[in-house]
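What follows is a single structure, written as structure tokens, with notes after it.
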Amino acid sequence: MFSNRYIEQRIEKANELRQIGKNPYENRVERTFLSNEFSEKFGYVFDLENRRDESVSVTLIGRIKFLRLMGKASFFKIEDSAGQIQLYVSKNELGEWFENIKKLAEVGDIIQATGYPFVTKTNELSLHVNKFEIVTKAIAPLPEKFHGLQDKELRYRQRYLDMIVNSEVRSVFEKRSKIVSQIRHFFEQKGFLEVETPMLHPIAGGANARPFVTHHNALGVDRFLRIAPELYLKRLLVGGFDAVFEINRNFRNEGMDHTHNPEFTMLEYYWAFHKFEDLIKLTEDLFENLFNKLNLEKTLQYDNFEIDFSTPFRKIGYLESIREIGGISDEIINSREKIIEFLNANKIEFNRNASIGYLQSELFGNFVEDKLINPTFVIDFPIDISPLARRSDQNSQIADRFELFIAGTEVSNGFSELNDPIDQYERFKAQIDAKSKGDHEAHEMDEDYIRALMYGMPPAAGQGIGIDRLVMLLTNSISIRDVLLFPAMKPLHGELEINEEN
RNA sequence: GUCUUGUUAGCUCAGGUGGUAGAGCAUCUCACUUUUAAUGAGGUGGUCGUUGGUUCGAUUCCAACACAGGACACCA
């Protein structure tokens with residue numbers, strides 16, 4: 001663990017510190033300013049005649065990022081959570097201790113420096129140091145100062161190191177935090193109640209996905225990590241809450257790629273006495289609010305796209321989008337046989353037993369989705385791929401449902417909720433039928449959910465928004481791993497065996 | 001799950017039609033009191049991802065495996 005020569009050298013330096021009475025892991029520290037506060041507060045030093053203000057004493061703490069040692073003077077560039085600042089450390093001020101600093105302080109160490117503000121010959125506001133302590137000795141060397149850490153694997157596995165070396169990584173996660181906070185605030189302002197529903201589900205419902213399975217020893221039953229909170233949140237509408245939301249993790253046991261991680265964060269909200277059209281409006285409001293609060297331009301660069309987030313967003317019907325954007329004729333869209341023929345001709349794999357709604361979704365997924373770059377609401381989804389959505393009053397084959405696509409990816413899914421318990425029961429049965437015909441992701445029957453609906457769920461609408469994908473769009477991150485602090489990785493040395501305890 | 005590319009020093013990267021490897025930064029020694037990837041001089045540092053095979057000899061060729069990147073499939 002500590003056998004590397006660089007680590008051994010640094011441990012030796014920590015020991016030398018101890019020998020001269022310094023604790024290499026000191027915790028009595030005190031700083032007066034962050035680096036950015038220092039720069040703002042002492043900007044006036046530029047205008048002073050001797051370009052220094054010896055009347056003040058300032059203490060800064062940061063990690064050494066650059067080190068320029070000379071015979072009797074040196075420059076340290078240290079970094080704290082707010083940014084970088086330069087220190088000027090000289091033998092004049094520190095005497096013999098200066099020789100120890102030169103020998104024992106290294107890039108990576110966290111140091112505390114006290115002194116006064118001054119401006120260097122090269123016009124950089126810096127701290128003229130008269131007291132210097134190594135507060136935390138880093139015994140592992142940092143990556144190279146110019147290229148930093150490029151290896152994606154190391155960056156994801158050792159995110160702490162990535163954050164030290166690539167400071168822009170920290171700003172992505174600060175932005176993520178602000179986005180989540182703003183969303184929470186937005187819904188609270190509108191009277192929504194934030195709730196927490198179970199992660200361990202007896203039945204994995206609320207979405208079409210494969211779940212993780214785990215086992216509860218005390219109860220002697222298997223549990224599923226939730227794939228969606230939907231059915232629990234809607235039980236709360238039955239119970240009498242009018243507006244609820246939850247921002248939390250979902251888990252899906254499926255493939256991983258640049259837009260999928262096995263655990264991901266979802267916002268779901270349910271709103272009694274509203275329809276899916278209200279959700280579309282609310283979504284546009286939410287985006288406007290986010291762009292305002294985060295001071296974002298209406299047009300953002302994402303990958304190779306320029307995305308225009310001006311509201312209102314485009315709206316298009318599901319079948320209409322297949323015709324207009326996918327370029328597929330109505331003749332094909334409306335015939336099960338012709339779609340099968342068309343999919344075969346395009347060498348697309350699909351489930352041959354599936355209903356026409358599923359086959360149309362193959363057309364949509366393969367020929368439309370990628371082309372939806374600017375925010376677009378696709379509305380009027382086929383009923384048989386919408387097992388929890390309310391049936392349209394105008395057309396029994398479509399659902400009062402929409403999805404929002406941006407940059408060719410689904411960001412959100414919402415609909416007016418199905419609250420007819422008997423219709424819901426039949427839809428679950430249809431799902432079980434689809435499952436028996438090879439659809440592994442189809443829903444299970446959830447009898448308790450049906451029971452809840454039997455007591456009467458008020459007319460309502462609900463929506464889910466993928467937080468990770470939203471953050472990706474707003475931070476121009478092409479991979480979901482760049483917006484997850486600790487993305488899922490395979491273990492380095494084989495699989496861990498799990499011991500079953502009784 | 002499939003295909004594909006990669007894995008060489010702490011980091012960023014070269015290289016080799018088979019004879020155990022190089023650079024820059026970092027590190028170590030020395031010099032240097034205003035540097036900005038500081039500079040100048042000299043040195044240390046590697047089971048070339050792992051395991052097998054072919055060979056007198058493998059880091060290089062072959063195979064399997066591990067991990068990663070990218071694409072596809074599934075999905076959000």
Side-chain angles (χ1 to χ4, degrees), chain A residues 4-10 12-13 51 65-77 84 86-94 98 102-103 106-108 118-124 126 128 138-158 161 165 206-211 227-228 250-268 347-351 361-362 365-366 369 403-406 409-413 439-441 464-470 472 478-481 487 489-495:
Chain A
N4 173 285
R5 62 189 276 251
Y6 298 98
I7 294 171
E8 284 169 354
Q9 278 168 8
R10 283 168 170 258
E12 187 46 41
K13 291 187 185 201
R51 312 192 100 201
K65 298 298 289 288
F66 295 95
L67 198 48
R68 290 182 276 276
L69 299 173
M70 288 163 289
K72 289 172 182 142
S74 58
F75 290 90
F76 289 71
K77 193 143 276 185
Q84 292 188 354
Q86 180 170 264
L87 314 179
Y88 174 73
V89 182
S90 71
K91 193 163 185 174
N92 266 1
E93 298 282 348
L94 294 160
F98 179 76
K102 266 173 72 175
K103 196 173 166 204
E106 298 171 278
V107 172
F118 84 118
V119 177
T120 64
K121 274 186 186 169
T122 49
N123 267 332
E124 182 165 347
S126 307
H128 201 289
I139 62 167
L142 248 36
E144 199 235 8
K145 60 187 170 188
F146 189 57
H147 297 93
L149 190 65
Q150 300 293 325
D151 186 322
K152 281 203 164 127
E153 181 175 357
L154 283 179
R155 291 185 51 203
Y156 297 142
R157 284 192 197 279
Q158 296 176 247
L161 186 58
V165 177
N208 299 339
R210 291 195 191 202
I227 57 174
N250 288 348
F251 305 86
R252 298 190 186 174
N253 206 344
E254 288 161 352
M256 287 166 60
D257 63 27
H258 69 107
T259 56
H260 296 84
N261 194 68
E263 51 181 305
F264 62 103
T265 301
M266 192 78 159
L267 158 71
E268 286 204 15
K347 297 194 164 69
I348 292 164
E349 286 177 36
F350 58 97
N351 179 358
S361 76
E362 290 289 349
N366 286 292
E369 205 170 326
E403 288 191 354
L404 173 62
F405 291 87
I406 307 175
T409 314
E410 183 191 336
V411 172
S412 179
N413 175 22
D439 181 356
H440 298 290
E441 283 87 29
I465 298 178
I467 297 296
D468 310 285
R469 289 187 180 175
L470 180 63
M472 286 167 68
I478 311 309
S479 169
I480 193 169
R481 295 181 152 195
M489 300 290 280
K490 274 197 183 183
L492 276 178
H493 305 291
E495 293 291 330

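Letters A, B, ... mirror the listed sequences (proteins, then strands); counts begin at 1.
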What is the nucleic acid contact for A:Glu153, judged by heavy atoms within less than 4.0 Å: base, sugar-phosphate only, or nothing? sugar-phosphate
Using atom P in both nucleotides, what's the gap between B:rU7 and B:rC62 to the nearest angstrom? 14 Å
What's A:Gly466 touching, base or sugar-phosphate or nothing? Going by heavy atoms closer than 4.0 Å. nothing
For B:rU35, does OP1 or OP2 lie under 4.0 Å from any side-chain N or O of A:Arg68? no
Please evaluate the base of B:rU33 for a donor-acceptor partner in the side chain of A:Ser90 within a cut-off of under 3.5 Å? no
Take atom C1' in B:rG45 and the same atom in B:rA21, then report the distance between them in whole Å. 13 Å
Has A:Phe264 got its ring stacked on B:rA76, by the test of a centre gap below 5.5 Å and a plane angle below 30°? yes
CG of A:Asp151 versus C1' of B:rA9: gap in Å, rounded? 15 Å
Work out how far the P atom of B:rC72 is from that of B:rG57, and round it to whole angstrom. 46 Å
Return the value, rounded to whole Å, for the distance between atom CD of A:Gln150 and atom C1' of B:rG6. 16 Å
Touch check for A:Arg481, heavy atoms < 4.0 angstrom, all strands: base, sugar-phosphate only, or nothing? sugar-phosphate
Would you mind building the protein contact string for nucleotides 39-49 of chain B? One character per nucleotide, 5' to 3', B for base within reach (heavy atoms under 4.0 Å), S for sugar-phosphate only, - for untouched. -----BS----
Nearest-angstrom distance, C1' atom, B:rC11 to B:rC30: 25 Å
OP1, OP2 of B:rC28 versus side-chain N and O of A:Lys13: anything below 4.0 Å? yes
N/O (side chain, A:Arg155) to phosphate O (OP1/OP2, B:rA68) under 4.0 Å: no
Distance check, C1' atoms only: B:rG10 and B:rG46, in whole angstrom units. 12 Å
Please give the distance between the C1' atoms of B:rG53 and B:rU60 as a whole number of Å. 15 Å
Phosphate oxygens OP1/OP2 of B:rC67: is one of them under 4.0 Å from a side-chain N or O of A:Arg157? no
With RNA chain B as reference, determine whether A:Asn123 or A:Pro143 sits nearer its 5' end, using the nearest nucleotide of each. A:Pro143
